[in-house]
Q: 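Below is one structure. I have some questions about it.
Count residues from 1 along the sequence. Note that the structure is predicted; figures quoted are calculated from it, not measured.
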Amino acid sequence: MYYVRLFCNVRSNLSSGDNTQLDFNISHPYHLLTMLTTAAPCLALLREDDPEVKRYALTSLNEVVDQFWAEIANEISQIEELYEDESFKDRQLAALLASKVYYNLGDYDSSVKYSLSAGSSFNIDEKSEFVETIVSKCIDLYIEISQSKFLDPEVVIDSQLESIFEMMLQKCVQEKELKLALGISLESYRLDIVEKIIHSQISDLAQEDTDDSEASQLINYVLTCATTVVKNIAFKVKVLNSIVLILRNLPNPDYFIITKIIVQLNDHNLAHQVFVKLLSIENYPIAYQAAFDLVSSASQELLIKTTQLLTNDSSIDASSKPIAKLLKVLSGVPTCDLDITFLYQNNNTDKGILDKTKATLDARNSLFHSAVTFSNAFLHAGTTDDSFFRNNLEWLGKATNWSKFSASAAFGVIHKGNLLQGRTLLQPYLPENNGSPYTKSGSLFGLGLIYAGHGKEVLEYLRGHLLSGTNNADNSDFDVLLHGAALAVGVAGMGSNDEEVYEELKTVLYTDSAVSGQAAALSMGLVMLGSGNQQAIDDMLHYAEETQHETIIRGLAVSIALLCYAKEDAAEPVIAKLLVHQNALLRYGGVFALALAYCGTSNNSAIQRLLHIAVSDSSDNVRRVSVIALGFILLREYTTVTTLVELLAESHNPHVRYGTAMAVGIACAGRGLNSAIEFLEPLTKDPVDFVRQGAFVALSMILIQQNEKTCPKVKQIREKLAKVIDTRMEESLAKFGAVLAQGIIDAGGRNVTIQLENSQTGTLNLKSVVGLAVFVQSWYWFPFSHFLSLSFTPTSIIGVRDDFKVPKFKINCHTSEYLFSYPPKVEEAKTKQTDKLATAILSTTVRAKARAKKRQEKESDAMDIDKPDEEFPAVKEETKDKEERDKKLEATTSNVETDQPATEEFTNSSPKTNFVSTPYQIDNMSRVVPAQLKYISFIKDERYQPVRKFRGTGGIVVLHDSRPDEPADTIKTVRQLTNKDAPLPAPFTLEEEDE
């Protein structure tokens, strides 16, 4: 009866026009319904013909829908009918109610649909879980549709959906959540909103008369998002070009952000324009720093074409000193010279490890001989120290055939970057001299490694041997020589995109020799690296389907993958074709193409496909590399790799287990990640030898440049490697992996790391990625192990003046001096001395000694007693002071001696525990490992300061000299030490009395 009276009261009020009572009932519906336990009265009103009654019912139900949604859901069809009735003026209210009902039912798609139809009734400013959830779903839906609209302009976006999206972005801007607004705008491909927000921020800063550093930070954030979040290459290019225009219109452009964009776009025209601008305003130090950054991260093609544009530009004087210095930097010569000087001066190689390994392993076994060769090459990479070979000529002479090839090529790894003397050092082994064809071929490959990525000076010489060898391809000796020449041309011309060199290599390929054809096939991909040249891909694929040589097919498959580097969606057609090919070798290439195309992107689709291949493909080789490929794709999210491949590490297939080890090693290289080490330790005890080999190599890649302070397990793992090598019954492949691991973990004289992401530009390190990708191919061909040297990056801070001289000065390091020190060298085992036999003692002698001892005790009783300690306060005080000093020393070094790692990846320790307010000082051109960079700072009032604000990045730093007229001590580089030419005299003037 209550429901009837309520209903009648409402009807009578509506008919009589009694607004007072009506206002009470309508304005307080929740008050009335809180007394109820059901929504039935209001649901009954929905069936009335009077629109005002229906409006009242909808208003009431909207207030209590969270309480009675289950009951209201039974009448959802009635509510939907009200919305669909276009004559009903409150249909938006019905849509809002339907949206809330579907929200409570968990049907978010229907809820979003009706919330969009609710129009103004849906208040995005309402503070409720319903509104927050639906707005979030609307943004996700808008992003999906907007991305589709970018690809297909005919796609239509609901106006209400777009309105909600834009209102939420406006709300973010008003609340100063600019980065959030920019990130969502980029994800939805709304470049217009991104530009609007940045321009608005620039205008606000101009009105406040403040610098544009905040705007530069926002632009840098957009650049980071564009390279990591945006998946579509076309939109990414639009964003980068838009950022460049904004930056160049700023009063004080951040040229280092522009440098990052140049690397991303691989745009030599933009590089030319930036350098011309900097030269025109005489901002030479910034130009030199930008050039150094390009050399460390850009492709060889970009550097060559930029140099050509600057040389041929009539608007600038190519003979002027600043232009000459800029061109010199772009040639790569100063960078290589500074790097090898650092590695030479700071060489901390523990030769005792190598000598012991050599003595333990039988040199007559070519596998062990090659292992020691590779280990020596890695240990001394870039240090120019080849004394191990020169001191062990007899051992070196035991190398045969391809072992000679590897040994000769090792000289190239050791002297990598020595552009001035490289050819002279290898001259005795080059083809112009008599000797084994394997030695000649290896020396050519070594020459290519010396000039890797900077092959302009030596490329013509190498191409000459390539052409002469092609004419004698039927001769087996020339075939071996062609192998080294082809690899050398590929390494020296890596990333040059030179069509002529590509055609010459293709000529070698068409000789269809298994030996030289394999090298030529791989080098074609190295030369055209990342070009995505469709004609080259078609040529390679066509020949791979025709030839019968597996080595050539595999080389072409990897080459196709190299051409797809960083192409993402643009590489999908060729990837899809390779992955379904009936030839397992081409599917192998398809997996690598997928890995390199999406390298560092963490693309979900690519990861899912690789995981599917890892458990379904019929070929063990394909399954192995599909797991390895995960390491390349996830190298920016390296902490997730161990979780992703955890189950695969327990696979019954040893190839898959090997793949998990290498995937973790690649993704976590140089990180010292504890979870990765714990993941790999069980694999070092795997029953299959090559799985243990992969685990050893992966551990060494992760632990490179780690000591016991930063990673407590490093000592245990080093001892494990030595034990494996020393155990006679250990399998050969496991020993091979352990020897390689010893070379990798202490590579470059303990002064290099494997860094897959460039710290200056935030882009992927091209050489490092390619070096690891080809190193993995050493599964089939051991000499490919030398390619790992391309991944080595010197860990240094090298400050140079604008005349490229290296001054001597100090830099602060705000942490313990021992935290990032070199690991201790292995101590030589001491020779055991024969213990002397105990002298026999007669029983009478024992009794005589006992009687003498008793007499002595009786005599001592009558002697004076020693004074107590209180009579010697000075001694006691000294002892107390010593104890206090020891306690203080222990407290100050507790940071260092703790078993907790100091790396960023250690999650249980706070970064503050390793920071000290009173720093110690290091010299310019010192070793600074990546984890140490955050503690580095330049001394405030020091004479030399970086021209770019120091943000914890290593490498070459151009300095501003605040006192250029004062004399300064400098460090001589390797090039200066070996240059015998007399220096040019300083400028002077003749006076009359001198004549």
Q: Could you measure the distance from the CG atom of Leu756 to the CG atom of Asn758? Nearest 0.5 Å is fine.
A: 11.0 Å

Q: Please walk me through it: do Ile198 and Leu178 pass side chain to side chain contact (heavy atoms under 4.5 Å, CB included)?
A: CA-CA 9 Å; Ile198 294 176; Leu178 299 179; over 6 Å; no

Q: Does any part of the side chain of Phe632, heavy atoms only, come nearer than 4.5 Å to the side chain of Thr601, both counted from C-beta?
A: no

Q: Are Leu169 and Val173 packed together at the side-chain level, in the sense that at least one heavy-atom pair is separated by less than 4.5 angstrom?
A: no

Q: What are the two closest heavy atoms between Thr763 and Gln264, and how far apart are they?
A: CG2-NE2, 3.1 Å

Q: Roughly how far, to the nearest 0.5 Å, is CD of Glu650 from OG1 of Thr660?
A: 10.0 Å

Q: Take a 6.0 Å sphere around CD of Glu144 and say whether it holds more than 12 heavy atoms from other residues, nucleotides or ligands.
A: no

Q: Can you name the closest pair of heavy atoms from Ile613 and Ser626 and give their distance?
A: CG2-CB, 3.8 Å

Q: Between atom CG of Leu596 and atom SG of Cys564, what is the distance when rounded to the nearest 0.5 Å?
A: 8.0 Å

Q: Find out whether Ser675 and Thr639 are in side-chain contact, i.e. whether some heavy atom of one side chain is under 4.5 Å from a heavy atom of the other.
A: no

Q: About how many Å separate CG of Leu161 and NZ of Lys137, when rounded to the nearest 0.5 Å?
A: 14.0 Å

Q: If you look at every heavy atom in Asn603 and Ile633, which pair is closest and at what distance?
A: N-CG2, 3.8 Å

Q: Answer yes or no: are there more than 12 heavy-atom neighbours, outside Glu126 itself, under 6.0 Å from its atom CD?
A: yes

Q: Please confirm whether the backbone N or O of Ser99 pairs with a side-chain atom of Ser111, one donor and one acceptor, at under 3.5 Å?
A: yes

Q: Give the ring-plane orientation class for Phe130 versus Phe122, where under 30° counts as parallel, over 60° as perpendicular and anything between as tilted.
A: perpendicular

Q: Side chain of Ser203, backbone of His199: donor and acceptor closer than 3.5 Å?
A: yes

Q: Should we count NZ of Lys149 as having more than 12 external heavy atoms under 6.0 Å?
A: yes

Q: Roughly how far, to the nearest 0.5 Å, is the CD1 atom of Ile262 from the CG atom of Asn269?
A: 10.5 Å

Q: Looking at side-chain heavy atoms only, is the closest gap between Tyr56 and Ser60 below 4.5 Å?
A: yes

Q: Judged by atom type as modelled, is there a donor-acceptor pair below 3.5 Å linking the side chain of Asp90 to the main-chain atoms of Leu93?
A: no

Q: Against Arg190, only a single residue in Lys196, Glu162, Glu195 fulfils side chain to side chain contact (heavy atoms under 4.5 Å, CB included); can you say which?
A: Glu162

Q: Show your reasoning for whether side chain to side chain donor-acceptor pair (under 3.5 Å) applies to Gln608 and Asn604.
A: CA-CA 6 Å; Gln608 289 173 1; Asn604 287 330; over 6 Å; no

Q: Take atom NZ of Lys277 as the centre, draw a 6.0 Å sphere, and report whether it contains more than 12 heavy atoms from other residues, nucleotides or ligands.
A: no

Q: Looking only at non-hydrogen atoms, find the nearest pair between Gly590 and Leu579 and report the distance.
A: C-CD2, 3.6 Å

Q: Answer yes or no: is there a side-chain heavy-atom contact under 4.5 Å between Leu610 and Val591?
A: yes

Q: Which heavy atom of Tyr102 sits nearest a heavy atom of Ser110, and at what distance?
A: CG-CB, 3.7 Å

Q: Give a yes or no on whether Lys238 atom NZ has more than 12 heavy-atom contacts from other residues, nucleotides or ligands under 6.0 Å away.
A: no

Q: Judged by atom type as modelled, is there a donor-acceptor pair below 3.5 Å linking the side chain of Asp85 to the main-chain atoms of Glu81?
A: no

Q: Judged by atom type as modelled, is there a donor-acceptor pair below 3.5 Å linking the side chain of Ser136 to the main-chain atoms of Glu132?
A: no

Q: Walk me through it: do Glu52 and Lys89 pass the test salt bridge (Lys or Arg N to Asp or Glu O under 4.0 Å)?
A: CA-CA 10 Å; Glu52 291 298 327; Lys89 64 178 182 180; 3.8 Å; yes

Q: For Leu647, does the CG atom have more than 12 heavy-atom neighbours from other residues, nucleotides or ligands under 6.0 Å away?
A: no

Q: Phe235 vs Tyr189 aromatic rings, parallel, tilted or perpendicular, using cut-offs 30° and 60°?
A: parallel

Q: Any side-chain to backbone donor/acceptor pair from Asn220 onto Ser216? Under 3.5 Å, distance only.
A: no

Q: Which heavy-atom pair separates Ile124 from Lys171 by the least distance, and what is that distance?
A: O-NZ, 4.1 Å

Q: Considering only NZ, NE, NH1 and NH2 on the basic side and carboxylate oxygens on the acidic side, decide whether Arg55 and Glu48 come within less than 4.0 Å.
A: no

Q: Taking the side chain as everything from C-beta on, heavy atoms only, tell me whether Leu191 gets closer than 4.5 Å to Val239.
A: yes

Q: Would Tyr83 and Ile79 satisfy side chain to side chain contact (heavy atoms under 4.5 Å, CB included), going step by step from the backbone distance to the final call?
A: CA-CA 7 Å; Tyr83 163 70; Ile79 299 171; over 6 Å; no

Q: Determine yes or no for a side-chain-to-main-chain donor-acceptor pair under 3.5 angstrom, with Ser115 supplying the side chain and Val112 the backbone.
A: yes

Q: Are Leu223 and Leu240 packed together at the side-chain level, in the sense that at least one heavy-atom pair is separated by less than 4.5 angstrom?
A: yes

Q: Between Glu572 and Arg609, does any side-chain N to carboxylate O distance fall below 4.0 Å?
A: yes

Q: Is there a side chain to side chain contact (heavy atoms under 4.5 Å, CB included) between Leu270 and Arg248? Walk through the geometry before answering.
A: CA-CA 11 Å; Leu270 177 59; Arg248 296 179 69 180; 3.8 Å; yes

Q: What distance do Ile76 atom CD1 and Asp107 atom CG have between them, rounded to the nearest 0.5 Å?
A: 10.0 Å

Q: Find out whether Leu764 and Arg636 are in side-chain contact, i.e. whether some heavy atom of one side chain is under 4.5 Å from a heavy atom of the other.
A: yes

Q: Carefully, step by step, assess Leu247 and Leu250 under the rule side chain to side chain contact (heavy atoms under 4.5 Å, CB included).
A: CA-CA 5 Å; Leu247 281 169; Leu250 290 176; 4.0 Å; yes

